[in-house]
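Below: the structure, in structure tokens.
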Amino acid sequence: MDSLTVFCTGALIAGGIFWFVCILGPAEQKGKRAVDLSGGSISAEKVEDNYKQYWSFFRRPKEIETAEKVPDFVNTFYNLVTDIYEWGWGQSFHFSPSVPGKSHRDATRLHEERAVDLIDVNPGDRILDVGCGVGGPMRAIAAHSRAKVVGITINEYQVNRARLHNKKAGLDSLCEVVCGNFLQMPFADDSFDGAYSIEATCHAPKLEEVYSEIFRVLKPGALYVSYEWVTTDKFKAENQEHVEIIQGIERGDALPGLRSYTDIAEIAKKVGFEVVKEKDLAKPPAQPWWTRLKMGRVAYWRNHILVTVLAALGIAPKGTVDVHDMLFKTADYLTKGGDTGIFTPMHMILCRKPSS
Ligand SMILES: C=C(CC[C@@H](C)[C@H]1CC[C@H]2C3=CC[C@H]4[C@H](C)[C@@H](O)CC[C@]4(C)[C@H]3CC[C@]12C)C(C)C
Ligand SMILES: C[S@@+](CC[C@H](N)C(=O)[O-])C[C@H]1O[C@@H](n2cnc3c(N)ncnc32)[C@H](O)[C@@H]1O
């Protein structure tokens, strides 16, 4: 091979890698780089073991039913996935209906603003974000409503990420983040003017436990809105394909068991709420929430190769490839859940704590 051929081949390979990594996009939304992927609060050498531990829960379903163990298992899950979520999805860990002509980022923000608009919040009010992740919704909601938002998450790594993002966004005077369990919240009775939860209470083994905590901390007359993950009326328990899809969603999203849409209002009433409104926000004319997952497939392949290379080079922790692989499969189950219509991640319920 003469030197010109070597040079051209080298340039072609370098160009190919640049195109694959940079032009196809470093991630759907920048902010987290692939080289920074970590296991959250878990040290790099323990990521693989923790991933195995996470899976062992599903091999022993009885463990999942033991409600006390669930917050720990959810915490492990978020240590494993938080960086990958941020890298590949952005700072809001939820779905939203697609909006023609709008970017994913704008559609996400609209879905978040819709939640706070429903709970009648005024500037300066103190509101609660139940299961706040790294705070994407919290920042959008604080900026939109000028209310003071207090977020709670079980995962300490997320607390640190959320505080960092709040500061960077100049919203730290409106947004506060607390590490804690939403089943036993460190807040006084009757201390919030409103509350919302976005795709978070699905992690509670018993919905009544988290709903009654929210009821306790709300002021009388205050509103609470939740976007719940549920099976719809199209789900048939005797259909094996349906069951497989739902179990796939549960395993890949740290869920102790998906509830039916019929359970939600019943539980809200049981803990004392008045149900003001209930609606599946995924139903037409809303556009499918799962299109974003379908459109991302090529990027997820690219991500998979990147993660594999980074783990082989010792840059990403060993075990990251397994976690990414699990999410890859989960994306498929979620898409099937959307296509078949048996699952929705946005069953909206709006409740009021009675005034007297
Ligand atoms: C509410 C929850 C999380 C919902 C979503 C934010 C996440 C569910 C599945 C996740 C993902 C799947 C595929 C990943 C892809 C393989 C990777 O390359 C980049 C990140 C993903 C797109 C990732 C992003 C977040 C999700 C869409 C649950 C947990 C209750
Ligand atoms: C899918 S994320 C959604 C985060 C956020 N609402 C958003 O949309 O970006 C679910 C969140 O619920 C939190 N969570 C789950 N179980 C919890 C518990 N028992 N106590 C507190 N937070 C919990 C997780 O830590 C995570 O932050």
Side-chain angles (χ1 to χ4, degrees), residues 25 27-29 32 34 37 40 67-68 70-96 104 108 111-112 115 129-141 151-159 161-162 165 177-186 196-206 209-210 213 226-229 248-256 258 289-290 292-307 320 323-335 337 345-346:
E28 198 175 336
Q29 312 215 359
K32 186 93 216 168
L37 292 179
E68 311 86 70
V70 172
D72 265 359
F73 137 90
V74 172
N75 184 28
T76 301
F77 173 81
Y78 280 107
N79 276 323
L80 297 172
V81 304
T82 293
D83 274 355
I84 302 183
Y85 274 21
E86 262 202 64
W87 171 54
W89 196 257
Q91 294 170 12
S92 292
F93 296 174
H94 64 82
F95 295 104
S96 42
H104 296 315
T108 302
H111 195 54
E112 295 165 349
D129 180 336
V130 185
C132 64
V134 298
M138 164 191 276
R139 285 180 288 283
I141 281 171
I152 183 166
T153 166
I154 191 103
N155 185 265
E156 203 176 350
Y157 182 70
Q158 291 188 337
V159 173
R161 294 291 300 162
H165 291 314
V177 192
V178 173
C179 192
N181 185 349
F182 58 40
L183 305 175
Q184 290 155 338
M185 292 196 274
Y196 64 90
S197 53
I198 302 186
E199 302 187 22
T201 48
C202 50
H203 288 297
K206 292 185 184 131
E209 288 184 354
V210 57
E213 266 299 87
S226 187
Y227 294 166
E228 293 289 341
W229 277 37
I249 293 175
E250 289 168 352
R251 282 196 302 266
D253 294 288
L255 303 178
L258 267 173
W289 53 267
W290 61 99
R292 182 175 173 188
L293 278 179
K294 270 191 175 166
M295 279 165 53
R297 271 200 192 128
V298 178
Y300 306 157
W301 271 106
R302 189 238 11 249
N303 290 353
H304 201 69
I305 297 172
L306 265 179
V307 166
T320 315
V323 178
H324 191 269
D325 194 44
M326 169 185 83
L327 293 180
F328 206 113
K329 290 180 182 135
T330 308
D332 254 2
Y333 284 117
L334 286 161
T335 305
M346 49 192 75

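Start at 1 and go down the list; that is how both ligands and their atoms are numbered.
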Test of understanding: given a 4.0 Å heavy-atom threshold, classify the contact between [X] and ligand 1 as side chain, backbone, both, or neither.
{"X": "N303", "answer": "side chain"}
{"X": "W87", "answer": "neither"}
{"X": "Y78", "answer": "side chain"}

For [atom], find the nearest protein heavy atom and state the residue, atom name and distance (0.1 Å precision).
{"atom": "atom 14 (N) of ligand 2", "result": "F182 CE2, 3.6 Å"}
{"atom": "atom 9 (O) of ligand 2", "result": "F93 N, 2.7 Å"}
{"atom": "atom 8 (O) of ligand 2", "result": "H94 CD2, 3.1 Å"}

Any N or O of [X] that comes nearer than 3.5 Å to an N or O of ligand 2?
{"X": "G131", "value": "yes"}
{"X": "P71", "value": "no"}
{"X": "I154", "value": "yes"}
{"X": "T153", "value": "yes"}
{"X": "N181", "value": "yes"}
{"X": "G133", "value": "yes"}

Side chain, backbone, both or neither: which part of [X] has a heavy atom under 4.0 Å from ligand 2?
{"X": "A204", "answer": "neither"}
{"X": "Y78", "answer": "side chain"}
{"X": "H203", "answer": "side chain"}

With atoms numbered from 1 as shown, which atoms in ligand 2 lie under 4.0 angstrom from a non-hydrogen atom of [X]?
{"X": "Q158", "result": "24 (C), 25 (O), 26 (C), 27 (O)"}
{"X": "C132", "result": "4 (C), 5 (C)"}
{"X": "V74", "result": "15 (C), 16 (N)"}
{"X": "S92", "result": "9 (O)"}
{"X": "P137", "result": "7 (C), 8 (O), 9 (O)"}

Find all atoms of ligand 1 within a distance of less than 4.0 Å from any non-hydrogen atom belonging to [X], and give their numbers and elements.
{"X": "C202", "answer": "30 (C)"}
{"X": "L334", "answer": "8 (C), 9 (C)"}
{"X": "H94", "answer": "6 (C)"}
{"X": "I84", "answer": "20 (C)"}

Please evaluate residues I154 and H203 with respect to the criterion side-chain contact (heavy atoms from CB on, under 4.5 Å), reporting the C-alpha separation (whole Å), side-chain torsions for both, the decisive distance (0.1 Å), and the verdict. CA-CA 11 Å; I154 191 103; H203 288 297; over 6 Å; no

Quick check: does any side chain N or O of [X] sit under 3.5 Å from a backbone N or O of [Y], one acting as donor and the other as acceptor?
{"X": "W89", "Y": "H94", "answer": "yes"}
{"X": "E213", "Y": "F182", "answer": "no"}
{"X": "D253", "Y": "L255", "answer": "no"}
{"X": "R292", "Y": "S96", "answer": "no"}
{"X": "E199", "Y": "W229", "answer": "no"}
{"X": "H304", "Y": "H324", "answer": "no"}

contact_flag G136 ligand 2 heavy-atom lt 4.0 Å
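Contact check G136 vs ligand 2: negative.
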
| said: So, 4.0 Å and heavy atoms of G180: is ligand 2 close enough to count as a contact? | reply: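 A heavy atom of G180 does come that close to ligand 2.
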
Looking only at non-hydrogen atoms, find the nearest pair between [X] and [Y] and report the distance.
{"X": "M326", "Y": "V81", "result": "CE-CG1, 4.1 Å"}
{"X": "L334", "Y": "W289", "result": "O-CH2, 3.4 Å"}
{"X": "G131", "Y": "A200", "result": "O-CB, 3.7 Å"}
{"X": "P256", "Y": "C202", "result": "CD-O, 3.6 Å"}

### Message
Between ligand 1 and H203, can you find any atom pair, the residue atom being a heavy atom, that is separated by under 4.0 Å?
### Response
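Distance cut 4.0 Å: H203 passes for ligand 1.
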
May I ask whether A254 places a heavy atom under 4.0 Å from ligand 1?
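False for this residue.
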
- prompt: Going from OH on Y300 to CG on L327, what distance comes out if it is rounded to the nearest 0.5 angstrom?
  reply: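 Y300 atom OH to L327 atom CG measures 10.0 Å (nearest 0.5 Å).
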
Point to revise | Distance in Å, C179 SG paired with Y157 OH, rounded so as to fall on 0.5 Å steps | key: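 Spacing of SG (C179) from OH (Y157) equals 14.0 Å.
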
* Polar proximity ligand 1 side, S92 side, N/O cut 3.5 Å exclusive ->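 No, there is no polar N/O contact under 3.5 Å.
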
> Could an N or O of ligand 1 be found under 3.5 Å from any N or O of H324, whether backbone or side chain?
Replying inline: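 Yes, since at least one N or O of H324 sits under 3.5 Å from an N or O of ligand 1.
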
Would you please classify the geometry between the W301 ring and the F328 ring as parallel, tilted or perpendicular, with 30° and 60° separating the classes?
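If you compare the ring of F328 with that of W301, the planes turn out perpendicular.
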
So F77 and Y85, would you call those rings parallel, tilted or perpendicular, with 30° and 60° as cut-offs?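 The arrangement is perpendicular - the two ring planes meet at more than 60°.
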
side-chain contact (heavy atoms from CB on, under 4.5 Å), that's the test. Do E112 and Y196 meet it? Break it down for me. CA-CA 10 Å; E112 295 165 349; Y196 64 90; over 6 Å; no

Salt bridge check, R139 against D129: does any charged N sit closer than 4.0 Å to a carboxylate O?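 Salt bridge absent between D129 and R139.
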
